[in-house]
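To start, the structure under review is shown below, and the notes come after it.
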Protein chains: 2
Amino acid sequence: MAVELRPSQALRLLHELSLAQVRDDAPDLSQRQLAILLSVYLEAPPHTVRGLAARLGVTKPVITRALDTMGQLRLVSRRRDEADRRNVIIQRTVEGALYLERLGDLVVATARALPR
Amino acid sequence: MAVELRPSQALRLLHELSLAQVRDDAPDLSQRQLAILLSVYLEAPPHTVRGLAARLGVTKPVITRALDTMGQLRLVSRRRDEADRRNVIIQRTVEGALYLERLGDLVVATARALPR
DNA sequence: CGCAATCGTTACGGCTGCGGATTGTTCCGG
DNA sequence: CCGGAACAATCCGCAGCCGTAACGATTGCG
């Protein structure tokens with residue numbers, strides 16, 4: 001067990017985070033998009049459309065569309081799997097890593113400012 | 001300073017939370033809706049449409065629409081301010097309190113399970 | 001070698017939320 | 001008492017995401 005947190009603190013944390021997200025008009029990702037992004041960056045590659053769909057419990061078009069959107073934002077990129085050209089490998093990008101780095105820092109800073 | 005958390009832990013926390021949210025097909029609120037809900041439940045009343053709009057930095061129709069949606073979900077309710085009948089007072093509900101209670105517990109449980 | 005299976009994408013109709021402008025009601029100052 | 005200000009709701013056209021059902025490309029089994 002690592003992070004001790006009371007329910008009231010948890011809700012305050014979510015509150016501050018949601019306010020921060022809403023205010024700065026960054027291209028706020030949907031819950032699904034964020035889940036995909038975090039899966040790609042935190043779990044071991046390779047990542048495929050089918051694998052992500054199974055991981056999230058959603059259909060494949062959901063993944064394809066989310067990748068379209070996040071690809072335009074340069075948060076992820078796609079590449080054909082040359083070993084099996086039916087597959088598409090989802091890859092990380094510098095912009096995506098930066099996005100998550102700033103997001104992580106925001107959470108840390110917000111958590112640190114919580115009343116005890 | 002209360003809650004110590006490293007960036008990698010923060011991202012893992014978000015990852016687990018987003019996966020949980022995506023999987024159970026609960027009526028997942030948008031970021032804005034969540035921000036409104038948390039403002040209503042964590043900040044001191046009374047809450048008005050105008051006040052919430054200013055708090056979030058969005059226009060009033062955004063608040064009205066979000067209240068429509070969350071009102072149908074019974075997460076909040078609306079009442080005319082009898083003192084100034086131009087105002088609408090946003091009120092908490094049992095269902096809303098329960099929703100946030102479960103959400104807070106989920107965050108706590110997820111945080112507790114994070115690797116040190 | 002052909003044919004079913006797999007994989008990702010696209011097409012379609014529908015739903016929801018958005019911003020901006022407008023409306024109807026209520027309040028208040030002159 | 002009345003005209004403007006304040007407030008929330010509604011209307012409008014638009015953009016994004018949804019689920020289902022197709023589709024084209026690729027693979028590998030029989």
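Nothing here was measured: the structure is a model prediction, and the numbers come from that model. In what follows, chains are A, B, ... by sequence order, proteins preceding strands, each numbered from 1.
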Separation of D/dA8 C1' from B/Ile90 CD1 (nearest whole Å): 10 Å
From D/dG19, C/dG19, C/dT9, pick the nucleotide closest to the side chain of B/Thr59? C/dG19
Lys/Arg N to Asp/Glu carboxylate O, A/Asp105 vs A/Arg112, below 4.0 Å: no
Whole-Å gap separating P (C/dC27) and CZ (B/Arg50): 17 Å
Less than 4.0 angstrom between a side-chain N/O of B/Arg85 and OP1 or OP2 of C/dT26, yes or no? yes
Side-chain-base donor-acceptor pair under 3.5 Å for A/Arg65 and D/dG19: yes
Between B/Arg86 and C/dC28, does any side-chain N or O lie under 4.0 Å from OP1 or OP2? no
Using a cut-off of less than 4.0 Å, is there contact between a side-chain N or O of B/Gln33 and OP1 or OP2 of C/dT16? no
Can you see if the side chain of B/Thr69 gets near the phosphate of C/dG17 - specifically, an N or O under 4.0 Å from OP1 or OP2? yes
Whole-Å gap separating P (C/dC27) and CD (B/Glu82): 9 Å
Taking CD1 from B/Ile89 and P from D/dA8, how many angstroms apart are they, rounded to a whole number? 8 Å
Taking 4.0 Å as the cut-off, does a side-chain nitrogen or oxygen of A/Thr64 come that near to OP1 or OP2 on C/dT9? yes
State plainly whether one hydrophobic cluster holds both A/Leu103 and A/Val40, where clusters connect Ile, Leu, Val, Met, Phe, Trp and Tyr through side-chain heavy atoms under 4.5 angstrom apart. yes
Of A/Ser30 and A/Asp81, the one whose closest DNA chain D nucleotide lies more 5': A/Ser30
A/Gln31 CD - C/dT16 P separation (whole Å): 19 Å
Taking atom CZ of B/Arg78 as the centre, report whether more than 12 heavy atoms of other residues, nucleotides or ligands fall under 6.0 Å from it. yes
What is the distance from CG of A/Asp84 to C1' of C/dT6, rounded to the nearest Å? 8 Å
Measure from NZ on A/Lys60 to P on D/dG24 and round the result to the nearest Å. 16 Å
Whole Å only: how far is the CG atom of A/Leu67 from the P atom of C/dC7? 16 Å
Kindly say if A/Arg32 contacts the phosphate of D/dC18, meaning a side-chain N or O under 4.0 Å from OP1 or OP2. yes
Can you tell me if the side-chain N/O atoms of A/Asn87 get under 4.0 Å from OP1 or OP2 in C/dG8? yes
CZ of A/Arg92: more than 12 outside heavy atoms within 6.0 angstrom? yes
